[in-house]
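Single-structure report; data block below.
Numbered from 1 within each chain, the chains take letters A, B, ... in sequence-line order. All values below come from the heavy atoms of this structure, side chains included, with hydrogens, waters and symmetry mates left out.
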Number of protein chains: 2
Amino acid sequence: MLSSAEFARERYGYQMVTIPSRHKRATIHDVAVEAGVSRGTVSRVVNDEPYVSASARTAIEAAIEKVGYVPNNAARSLVMQRSEAVGFIVHEPHSLFLDDPNIGGILLGANTVLSHSDYQMVSLVIDSQRDTDRVARYLSGGFVDGVIIVSARREDPITQVIEKLRLPAAFVGHPPEQSPLPFVGIDNRASARAITKRLMQTGRKRIGMVAAALDRDSGADRLAGFTDALGDRFDPALVARVPLYTFTDGVRGMCALLEHDPLIDGVFAASDAVAAGALEALRHAGRSVPGDVGIVGFDDSSWALRTQPHLSTVHQPAFGLGERAAECVLGQLRGEEQPADGILLETPIIWRDSA
Amino acid sequence: MLSSAEFARERYGYQMVTIPSRHKRATIHDVAVEAGVSRGTVSRVVNDEPYVSASARTAIEAAIEKVGYVPNNAARSLVMQRSEAVGFIVHEPHSLFLDDPNIGGILLGANTVLSHSDYQMVSLVIDSQRDTDRVARYLSGGFVDGVIIVSARREDPITQVIEKLRLPAAFVGHPPEQSPLPFVGIDNRASARAITKRLMQTGRKRIGMVAAALDRDSGADRLAGFTDALGDRFDPALVARVPLYTFTDGVRGMCALLEHDPLIDGVFAASDAVAAGALEALRHAGRSVPGDVGIVGFDDSSWALRTQPHLSTVHQPAFGLGERAAECVLGQLRGEEQPADGILLETPIIWRDSA
DNA sequence: ACCTAGTCTGTGTACGTTCACAGAAAACCC
DNA sequence: GGGTTTTCTGTGAACGTACACAGACTAGGT
C-alpha cells in the first residue's frame, strides 16, 4: 500500500508537503465577529461574569459552538500570570520509580484533589542531570503555579529553584534540611518503634532488622525506631544493611542475618518488598513463618497481600499524602497561611499472619 | 515556635499579608536594559542565533546571570504557537492504574525519548467524566504539541478532540476503530497463540484459559490466539471469563476451572497477575505447579519473578512501546511521514519454571 | 424633564516573547 | 573612493487573552 505522500506524487504529480497542517484555531475575536459583539463581551461570557444581556449571551454561546472556540491557555496564562497547573516532581531513578509502591498512590491522591479544583497536574520525572536542568527550566518558565515534590535530594538544584522563585510547594516525605518549605509525611521513627514493639509482644527473643536505604531519612528513621523499641535488648549485629527497598535486597539481607545468627526468630523488614524477599530467603532456608520466625514489613503495599503468609505491616497512607500535599499547595495559591512545621499522617498497624 | 505571620505581628505590630509575593520575574527587557542593548539582540543570544558581536554576547550573558532571567514559556508558546510539551494520557480507573504493570514502563520509555529531544511530558490521568472534560480543555488550550494515549476507549471524546485539532498523536495499544491515527502495540493474538503452542508441547492434555478483560482488544485477542492454537482440541467449557487482569480475578477464574474440570493440567492466564492468582488457587487446591498443572502468563511483569515457581510468560516490551510512541509523535512534529498502519513490537516468550 | 443608579457594551493597553524588516557599521573587492 | 556584501543592531508588529475605563442605554424616582 502507498503512503499518502507517495499516493499524492503518483496521482497529482507533486510532492506532498507533510508539515502537519495545524488546524488554525478560532480566537475570541472570531467569536466576537460571528456573534456581532466585541471581544470584551465574549470574554465576559467565557469567564462567567455578570453584566451581559440575555440576547448577547445566547448569540455568543451559539457562535462559540459554531466556530469551535476554545480559550488559548498560553495567552491566558501570559496575561493572568498563572497557568492553573501544578507540577508533580518525582526524583527517582527509573528502576525505583517502577518498584516504589507509594508513588502511584501519592500521584493519584494529588491528581484527585487538583482536578477537583480544576487544576492540571503535570508530572515530571527526573532521572538524570539533564532532566534536572530541563525541569528547572520548566519550573522557571512559568508553566506551573506550584509544585509537589516526592523524595527530594539534599542540595537539590530543583529545591533551590523553587525557593528562589518563591513557588508554592509541598514536599512528600522530608524536605532538604533547613528548608522552610512545608511537607506532608509520616513519622517513620514512631511507626517503626510501634511495629517493633508489637513484634516483641509476640514473644520473640532474637529480633533483627533488614534496614534499607539508610541514605534517606525514611530508611534512617525506621532503623532508629527499631533501635528505640529494643532498648537494652538492641544488638547491632542483628541489623543487616542493604541499599534499596527491594525484593532482591530483602533476600540478601535476610541471608546475611541467618548466616550471622541462625537462631533469629523475629525480623523487622524496612519495607514490604524487603519483607517479601526475606520470606523468600527464609523459605529457601527451610524456616516456617510465622512458626519459626515472625516477620513484619512497612508500607502496606500490594506486596503485603501477595506473600504467603500475608504480611503484618505499617499502613502508609500514600493516597492521603498526595491529597494533603495538593491541598497544601492549593492553600498557598489561595494565599492561606500554611503550618510551617509540616503535617504528619497516621500510620495504623495492620496485623495479619506473618507475625 | 511562632509561624512567620505570628512573628510579624509580635515583632512589628502589624498583620502580615500572606498573599505569596510571587517574585517579580525578570523579562527580556530587563536584560536588555542591564546589558545596554535591545530586546532583539538579547533574544538572539537566548536562542543561540548568529550575528551577535562577541562584546554584546558577553555583556548579555552577564546581565542574564545578574538579573536571573529565565524566558517566559507562556509568552514564547503564544508567539511560536507551540509549547514543547507532549501529553501522556492514561485513561484508567485509579485502581487499575496502580496495578497495571505496563503503564509505568510505557511512561518511562516515553519520558526518556521526549526529554532527550528537550520536550516536556505532561501526564494526564483520566478517571471520571469531569477529568475527561478538563483534559479535553487542556488539549484544546494549546498546552501540548502532541499526545500519547494509553488504553483509549471506543467513542472516546478525547480521541475526537485530538482528531478535530489534528494534534499529532500516537496510541499505545489499539486506537478506537476507524481512527486514522497511528499506534504502537504488540500482536496479542499471535503472542497468545505462540505461548499456548509452547504449553501444548509440554505434553499437557487438558488445557484451559483464564480469559480476562474481554471488553478490550487485548483481552479478546489473547482469547482468540488461545483458540487458534488449540484448533480442534479447543473446548469452550475450559475457558473461565473474568472482568479484570487482576490477582483476585485470577483466583476466581482458576477456582471456576477446577470446579468444572478437576483434571485440567494446563492453563494460559491472560496476564501475570491473573497467573499469580491462579497459582494461589492451585496451591489452595493442593495441586503442584508445574507437576500437576502447567501454567503460563502474559506481560513478563514484576509478578513473574515474585511467584513460586517463576512464571513462563510472554515478554511485553513496555518501555519500548513508550519509546516508539514518543518517537512517532516527535516525527510528526518534525513533519515526517508516519506509517499509517501502526507498529508492532516483538514479544519474546520467556520460559521459566511454571510450565 | 431631569437626575441618579444600575446595567450593558466597546476600546485601548498590557502581558513577554519572536520575527521580519530596516538601517548602521564593518569588511571586502575592484 | 565607490560599490557590494557581510555582519550586527534596533524597532514595530503580532500572538490571544484579561482588565480598566469610558461611554451608552435603561429604569426609577423626583
Using a 4.0 Å heavy-atom cut-off across all strands, classify Ala56(B) as base, sugar-phosphate, or nothing. sugar-phosphate

Between dC15(C) (C1') and Arg82(A) (CZ): distance, integer Å: 14 Å

Whole angstrom value for the distance that separates P of dC15(C) from CD1 of Ile28(B): 15 Å

Side chains of Leu124(A) and Gln120(B) in contact at under 4.5 Å (non-hydrogen atoms): yes

Determine, stepwise, if the pair Val144(B) / Tyr138(B) fulfils side chain to side chain contact (heavy atoms under 4.5 Å, CB included). CA-CA 8 Å; Val144(B) 293; Tyr138(B) 192 79; 4.1 Å; yes

Going by heavy atoms in the side chains, are Ser140(A) and Leu165(A) under 4.5 Å from each other? yes

When rounded to the nearest 0.5 Å, the distance separating CZ of Phe143(A) from CZ of Arg76(B) is 9.5 Å

Estimated bend of the helix from dA1(C)-dT30(D) to dC30(C)-dG1(D) (axis per five terminal pairs, rounded to 10 degrees): 50°

Would you say the side chain of Val37(B) lies within less than 4.5 Å of the side chain of Val42(B), judging by non-hydrogen atoms? yes

dG10(C) phosphate, OP1 or OP2: any side-chain N/O from Ser38(A) under 4.0 angstrom? yes

Measure CZ/Arg39(B) against P/dG12(D) and give the value in whole Å, please. 9 Å

For residues Leu114(B) and Phe88(B), determine if any side-chain heavy atom of one lies less than 4.5 Å from a side-chain heavy atom of the other. no

With respect to the phosphate group of dA18(D), does any side-chain polar atom (N or O) of Gln81(A) fall under 4.0 Å of OP1 or OP2? no

Walking DNA chain D from its 5' end, the first of Met80(B) and Gly40(A) to be reached, judged by nearest nucleotide, is Met80(B)

Within the structure provided, determine whether Asp30(B) and Tyr69(B) are in side-chain contact (heavy-atom separation under 4.5 Å). no

Of all of residues 43-54 of chain B, which get a heavy atom below 4.0 angstrom from DNA chain D, listed by number? Arg44(B), Tyr51(B), Val52(B), Ser53(B)

Is the distance from OP1 or OP2 of dC15(C) to the nearest side-chain N or O of Thr27(B) less than 4.0 Å? no

What pair of heavy atoms forms the shortest contact from Asp145(B) to Pro168(B), and how long is it? O-CD, 3.3 Å

Whole angstroms only, please: what is the CG-P distance between Leu78(B) and dA14(C)? 17 Å

Rounded to the nearest angstrom, tell me the gap between atom CZ in Arg57(B) and atom P in dT7(D). 14 Å

Gap between atoms NE2 and C1', on His29(A) and dA18(D) respectively (whole Å): 15 Å

Look at the side-chain N and O atoms of Ser77(A) and state whether any lies under 4.0 Å from the OP1 or OP2 oxygen of dT17(D). no

Given atom CG of Asn72(B) and atom P of dT17(D), what is their separation to the nearest angstrom? 17 Å

Evaluate the side-chain proximity of Ile28(B) to Pro71(B): yes if any heavy-atom separation is below 4.5 Å, no if none is. no

